[in-house]
*Asks:* 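Take a look at this one; I'll ask things after.
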Protein chains: 2
Amino acid sequence: MTEHAHDAHHGSGHGHHAHRGGDVEASLERAAATCLARGAQLTELRRQVLRLVLESGQPIGAYALLDRLRGERRGAAPPTVYRALDFLMEQGLIHKIERLNAFVGCAEEPGHGHTHAHPHPHQFLICGRCGSTAEVCDEGVAHAVAGAAARLGFVVHRTTVEVEGICAHCASADATAG
Amino acid sequence: MTEHAHDAHHGSGHGHHAHRGGDVEASLERAAATCLARGAQLTELRRQVLRLVLESGQPIGAYALLDRLRGERRGAAPPTVYRALDFLMEQGLIHKIERLNAFVGCAEEPGHGHTHAHPHPHQFLICGRCGSTAEVCDEGVAHAVAGAAARLGFVVHRTTVEVEGICAHCASADATAG
DNA sequence: GGTCATGATGATACACTATATCATGGTGGC
DNA sequence: GCCACCATGATATAGTGTATCATCATGACC
Ligand SMILES: [Zn+2]
Ligand SMILES: [Zn+2]
Ligand SMILES: [Zn+2]
Ligand SMILES: [Zn+2]
């Protein structure tokens, strides 16, 4: 998980290994193209922060990012990283997981209808056992939320859906081990 | 809002008025009965915190609660209120709104199938204009989330759904005023 | 060229949110 | 009495997020 729902499991509870380098580079290239097309400035700083988020391969906190950012940018301070994160969220390049106060790269594959489309509907599955997270994009959930809100005359801007539970990997391990 | 979806609007952006005293008292009585039946100890401290949450009539932060709690309990400290809040959440008497780092009394009416049933499915609508919040309990949303998770072999424990947007009241005000 | 508005970053300080840890005291079983 | 269990008191610290002002680059405009 932590990459996409059908991926093999690799979350924060286990390997801590990052994306393969090529994945990150490709994502950065796509991000740059998206921002260019949109007139948004993916500056060097913002690109560095995005790279760090992607390289972590798991939800990462703002201050952990700050520590790493200081490796390449001494004097970086909390606002440095928070401003970059705000930009990246506005562009849909990363998401914040509220329950974890942490940030992850958007796992949406290009060509699934929306390519980093502004705020795309998404949900997070968070495993309480291994800490892995999976971003999913279930239209049924998005539709149900939109419907419930509309029935109350509520105009939806953004939706946060975060499910805590046990991932398939851990569940099968449980079933085997007892 | 802030009470139930069909209520007249009264959120943090406007009146700041609390529930009517009777509502709070009735809720406290129901909470006491629920805890008693369940073998959970709704102590004086926990009851005080619950009362403060209910009286605020809107999402309220832990430290705002702490300030008020000190009126009746000098020497109260952060752990005092956080421990009470943890208990109240476990009992389903209050909910935390993650996006706001704030707490609200559960608006679920008694007799809607689950009476403070342990973790009941719920969603929050948060108005970005006036700050009001509404707790809703849409079965369609809960079902869609459960289905999406089940298709991935994910076992759901708790679900957080928080929708940010414009409430019906503010939307109609916008339509009128331009 | 000079002026100005805009937006990004630097830099400092601060506010807000939450938990760890150990001590104290009450309640009830045995 | 003794002990296990739980709730609370009390202190300290960790973690997360903003406010504010200064500086600098860019590009529009005259
Ligand atoms: Zn995404
Ligand atoms: Zn897992
Ligand atoms: Zn509720
Ligand atoms: Zn509103």
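Sequence lines set the chain letters: A, B, ... in the order given, protein chains first and strands last, and positions in each chain run from 1.
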*Asks:* Taking only side-chain N and O atoms of K96(B), does any of them lie within less than 4.0 angstrom of OP1 or OP2 on dA18(C)?
*Replies:*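 Indeed, a polar side-chain atom of K96(B) lies that close.
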*Asks:* Whole angstrom is fine here: how far is it from CG in L65(B) over to P in dT17(C)?
*Replies:* 11 Å
*Asks:* Is the phosphate of dG17(D) approached by Y82(A) (side-chain N or O, under 4.0 Å from OP1 or OP2)?
*Replies:*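 Looking at the OP1 and OP2 atoms of dG17(D), one of them is under 4.0 Å from a side-chain N or O of Y82(A).
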*Asks:* Whole-Å distance between dA8(C) P and F87(A) CZ?
*Replies:* 8 Å
*Asks:* Say you draw a straight line from SG of C106(B) to NE2 of H120(B); how long is it, rounded to the nearest 0.5 Å?
*Replies:* 3.5 Å
*Asks:* What nucleotide, of dG9(D), dT9(C), dA20(C), holds the atom closest to the side chain of P79(B)?
*Replies:* dA20(C)
*Asks:* Grab the CG-C1' distance between L69(B) and dA10(D) for me, whole Å please.
*Replies:*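 In whole Å, dA10(D) C1' and L69(B) CG are 15 Å from each other.
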*Asks:* Output the rounded distance in Å from CG (L66(B)) to P (dT8(D)).
*Replies:* 15 Å
*Asks:* Could you check which of dT21(C), dG17(D), dT9(C) has an atom nearest any side-chain atom of T43(A)?
*Replies:*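 Nearest listed nucleotide: dT9(C).
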*Asks:* Take atom CD of E98(B) and atom P of dT17(C), then tell me their distance rounded to the nearest Å.
*Replies:*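 After rounding, the reported distance stands at 13 Å.
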*Asks:* With a sphere of 6.0 Å drawn around NE2 of H157(A), does it hold more than 12 non-hydrogen atoms of other residues, nucleotides or ligands?
*Replies:* yes
*Asks:* In whole Å, I'd like the distance from the CD atom of Q41(B) to the P atom of dG25(C).
*Replies:* 19 Å
*Asks:* Would you say the side-chain atoms of T160(A) and R99(B) include a donor-acceptor pair closer than 3.5 Å?
*Replies:*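 Note: T160(A) and R99(B) side chains meet the donor-acceptor criterion.
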*Asks:* Quiz question: going by heavy-atom distance under 3.5 Å, is there a donor-acceptor pair between the base of dG9(D) and the side chain of R74(B)?
*Replies:* no
*Asks:* Choosing from dG17(D), dA18(C), dT9(C), which nucleotide comes nearest the side chain of R83(A)?
*Replies:* dT9(C)
*Asks:* How would you label the contact of R46(A) with the nucleic acid (heavy atoms, under 4.0 Å): base, sugar-phosphate, or nothing?
*Replies:*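 Sugar-phosphate contact only.
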*Asks:* Less than 4.5 Å apart, side chain to side chain, heavy atoms only: is that true for H122(A) and E108(A)?
*Replies:* no
*Asks:* Rounded to whole Å, how long is the line connecting atom CD1 of I60(B) with atom P of dC16(C)?
*Replies:* 14 Å
*Asks:* Any N or O donor-acceptor pair under 3.5 Å from the base of dA15(C) to the side chain of Y63(B)?
*Replies:* no
*Asks:* Quick one: label R73(A) by what it contacts on the DNA or RNA (base, sugar-phosphate, nothing), any heavy atom closer than 4.0 Å.
*Replies:* sugar-phosphate
*Asks:* In whole Å, I'd like the distance from the CD atom of E44(B) to the C1' atom of dG9(D).
*Replies:* 16 Å
*Asks:* Rounded to the nearest 0.5 Å, what separates atom CG in D23(B) from atom CG in L28(B)?
*Replies:* 11.0 Å
*Asks:* dC16(C), OP1 or OP2 - any side-chain N/O from N101(B) closer than 4.0 Å?
*Replies:* no
